[in-house]
Amino acid sequence: MKTRVNSLLGTEYPIIQGGMAWVAEYHLAAAVSEAGGLGLIGAANAPAEWVRDQIRKAKELTERPFGVNIMLMSPYADEVAKVIAEEGVKVVTTGAGSPEKYMKMWKEAGMKVIPVVASVALAKRMERSGADALVAEGCEAGGHIGESTTMTLVPQVADAVQIPVIAAGGIADGRGIAAAFMLGAEGVQMGTHFIVTDECRVHENYKERILKAKDIDSRVTGRTTGHPVRALRNDMTKKYLELENKGAGFEELEQLTLGGLRKAVVDGDVKTGSVMAGQIAGLVKERMSCKELIGRLVKETEALMKGCGADE
Ligand code: TUI
């Protein structure tokens, strides 16, 4: 499992943990990096000083490289963008927008910049503006999503750019990783499976909801508002979709999800909170440490890649 992504990130394996809002805090990020992947701290909607504190705490737990994910719709995005450069973070990934305006500052700080894209058009734009690699995220992913599936997006992005492509959305085991490689990716980003690891400090109810999820248990809310979000079905998604079908407006729908992720992650309210997770939740059946998970992923992938020229 050696690709251009390992050398770019300075990690043992080309496996990135997604920068999940509220979920991806420093304990998880440091554990993933210690296990040979790239851990990410999810800055989400948090203020810049919270992010600075998280970075410093992660550094106390690991000397290995880790990154920060910036959610570009955050009101604090500008400040967070500066803080991560000041703190010497090695890798930044971005979501829910275009990070062009920060690119010069980050490159001057020697950072590796990896925008998450959901289209070929944005992929090309990001390459032109100096991105080092891309995460091509299909709509099987949890949270805020684009239109295309991983199966269709990854090969089209891989054909459109020269920089390495990291596949995300719908990957939780070695079969998914090997498949992503076949589609032209040189690395993967995974979220859902990392939520149930021992080092991930979300509420037990959140983990249990993922472990019990079936293949058809996720729902996409917010298609009508232009902010589609995938989460596991519950009272909240049911009500949201009913209202959406009745033509409810943005304000009314927003009331249903306001603070919903915090409610699920911190308070364990998986009935009315927002249990963001990918479609692959149905495949996630076991808890383990980040080290065990990454060890298994690597073993499974390498077994499948034998005969594909990987070790020849
Ligand atoms: O960003 C994500 N996933 C997220 S962000 C998030 S925080 C949130 N919380 C509550 C409600 C809504 C969001 C939860 N999950 N993934 C990366 C991603 N980026 N997926 C899709 C995109 C994307 C979409 C459109 C990136 C760029 C884009 O267009 C930008 C442009 O300017 O063309």
Side-chain angles (χ1 to χ4, degrees), residues 16-25 40-46 51 67-77 80 92-103 113-129 131 133-150 152-154 157 165-171 188-192 194-195 202 206 218-232 236-237 240 244 250 253-266 273-279 281:
I16 303 183
Q17 160 244 317
M20 301 164 280
W22 283 99
V23 173
E25 46 72 79
L40 293 184
I41 294 163
N45 277 315
V51 179
V68 172
N69 171 269
I70 301 198
M71 208 276 285
L72 295 165
M73 293 191 300
S74 163
Y76 303 106
V80 175
V92 58
T93 69
T94 62
S98 162
E100 268 151 322
K101 66 173 170 171
Y102 309 124
M103 204 66 100
V113 184
I114 310 183
V116 178
V117 301
S119 70
V120 167
L122 190 63
K124 285 182 172 167
R125 231 169 84 200
M126 293 298 97
E127 180 175 52
R128 276 200 303 275
S129 64
L134 298 168
V135 173
E137 187 183 275
C139 60
E140 297 94 320
H144 176 59
I145 52 172
E147 273 299 325
S148 301
T149 60
T150 303
T152 58
L153 181 68
V154 172
V157 170
V165 176
I166 297 156
I171 303 169
V188 294
Q189 176 181 284
M190 287 173 31
T192 305
F194 281 113
I195 302 180
V202 301
Y206 204 115
S218 82
R219 294 289 181 274
V220 178
T221 57
R223 288 202 195 276
T224 58
T225 67
H227 291 288
V229 170
R230 183 180 300 285
L232 295 181
M236 182 281 287
T237 61
Y240 194 109
E244 232 179 346
F250 182 78
L253 294 168
E254 188 75 352
Q255 286 308 313
L256 268 180
T257 52
L258 214 62
L261 188 57
R262 183 188 187 284
K263 237 193 312 188
V265 170
V266 181
S274 180
V275 189
M276 291 186 197
Q279 283 187 321

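Every number for a ligand or one of its atoms is a count from 1 in the order of the listing.
- Close contacts of ligand 1 with Gly143, meaning ligand atoms under 4.0 Å from a residue heavy atom, involve 14 (C), 15 (N).
- To the nearest 0.5 angstrom, Ile171 atom CD1 is 12.5 Å from Gln279 atom CD.
- The protein atom (non-hydrogen) at minimum distance from atom 15 (N) of ligand 1 is His144 N, 2.9 Å.
- Considering both main-chain and side-chain atoms, Ser98 never comes within under 3.5 Å of ligand 1 through any nitrogen or oxygen pair.
- For Leu122, the closest heavy-atom approach to ligand 1 falls below 4.0 Å.
- In this structure, atom 17 (C) of ligand 1 is in close contact with the protein, since a protein heavy atom lies within 4.0 Å of it.
- Note on ligand 1: Ala44 sits outside its first shell, no heavy atom being nearer than 4.0 Å.
- Ranking the protein heavy atoms by distance from atom 19 (N) of ligand 1 puts Ala96 N, 3.0 Å first.
- Atom-to-atom distance recorded for Glu100:CD and Arg125:CZ is 4.5 Å, nearest 0.5 angstrom.
- Residue, atom and distance of the protein heavy atom nearest to atom 12 (C) of ligand 1 are Val229 CG2, 3.8 Å.
- Considering only non-hydrogen protein atoms, atom 26 (C) of ligand 1 sits nearest to Gly97 N, 3.5 Å.
- Remark: side-chain polar atoms of Glu137 are not paired, donor with acceptor, to backbone N or O of Ala118 under 3.5 angstrom.
- To the nearest 0.5 angstrom, Met276 atom CE is 4.5 Å from Leu261 atom CG.
- A donor-acceptor contact shorter than 3.5 Å links the side chain of Arg230 to the backbone of Ala141.
- If you number the atoms of ligand 1 from 1 as listed, the ones under 4.0 Å from a heavy atom of Met276 come out as 9 (N), 10 (C), 14 (C).
- Here the straight-line distance linking atom CE of Met20 with atom CE of Met71 works out to 15.0 Å at 0.5 Å rounding.
- Near Met71, the atoms of ligand 1 lying under 4.0 angstrom from a non-hydrogen atom of the residue are 5 (S), 7 (S).
- Taking every heavy atom of Glu137 and a limit of under 4.0 angstrom, the matching atoms of ligand 1 come to 16 (N), 17 (C), 18 (C), 20 (N).
- Close approach of ligand 1 to Val116 is summarised as follows: ligand atoms under 4.0 Å from at least one heavy atom of the residue are 17 (C), 18 (C), 26 (C).
- A donor-acceptor pair under 3.5 Å is absent between the side-chain atoms of Ser274 and the main chain of Thr257, judged by distance alone.
- Using modelled atom types, one side-chain atom of Glu244 and one backbone atom of Arg223 make a donor-acceptor pair closer than 3.5 Å.
- Under 4.0 angstrom from ligand 1, there are no non-hydrogen atoms of Val135.
- Using a 4.5 Å cut-off on side-chain heavy atoms (C-beta onward), Val80 and Tyr102 make no contact.
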